[in-house]
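Right, one structure below, let's go through it.
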Amino acid sequence: MKRIQKDDAARFWSKVMKTDGCWLWTGGLNKDGYGKLGFWKKEEKKQYTTTAHRFVLFLASGAWPVGVVSHTCDTPACVRPGHLRETSQKDNIRDCMRRGRRARYRFSPE
């Protein structure tokens, strides 16, 4: 999904509750608690689905994230750009382990 419509961005922001800390996604969530949203592209007759935290980084930078988008706040529903960073899957797993979020990984953070 490379292009979005103005109404897609407006629809996105209508589902964000801004607080002093995290900006919380109030729309649908996936099984892991991350925001999800879909877009229907009439001209392509195709539906696209993405996560809210990836979409907000697109809105903030104008480019789709290439790598994994991780939350520095440990809140899956957060879409505040300052709480998000693009990283590799390997670094994301290390970060999860360091913070004690993923006990199922069997290797050390080093």
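Numbering of residues begins at 1 and proceeds along the displayed sequence.
- In this structure, CG in Asp8 is found 11.5 Å from OG1 in Thr50, a value given to the nearest 0.5 Å.
- Note that the CZ atom of Arg11 and the CG atom of Leu37 stand 6.0 Å from one another [nearest 0.5 Å].
- A single hydrophobic cluster is not seen to contain both Leu57 and Leu24; linkage of ILVMFWY side chains at heavy-atom distances under 4.5 Å, directly or through other members, places them apart.
- Here Val68 is tied to no hydrophobic group at all, with no ILVMFWY side chain closer than 4.5 Å.
- Looking at Val16 and Trp25, their side chains come closer than 4.5 Å, going by heavy atoms from C-beta outward.
- A donor-acceptor contact shorter than 3.5 Å is absent between the side chain of Asp32 and the backbone of Tyr34.
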Would you list the atom pairs, donor with acceptor, under 3.5 Å between side chains in residues 76-87 and any protein atom, with sequence neighbours excluded?
{"residue": "Arg80", "atom": "NH1", "partner": "Asp20", "partner atom": "O", "Å": "3.0"}
{"residue": "Arg80", "atom": "NH1", "partner": "Gly21", "partner atom": "O", "Å": "2.5"}
{"residue": "Glu86", "atom": "OE2", "partner": "Val66", "partner atom": "N", "Å": "2.5"}
{"residue": "Glu86", "atom": "OE2", "partner": "Gly67", "partner atom": "N", "Å": "2.7"}

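- The closest donor-acceptor contact from the side chain of Thr26 to the backbone of Lys15 lies under 3.5 Å.
- The aromatic rings of Trp13 and Trp23 stand perpendicular to each other, their planes meeting at an angle above 60°, with 30° marking the opposite boundary.
- Contact of the Val56 side chain with the Val69 side chain is not registered, since no non-hydrogen atoms from C-beta on lie closer than 4.5 Å.
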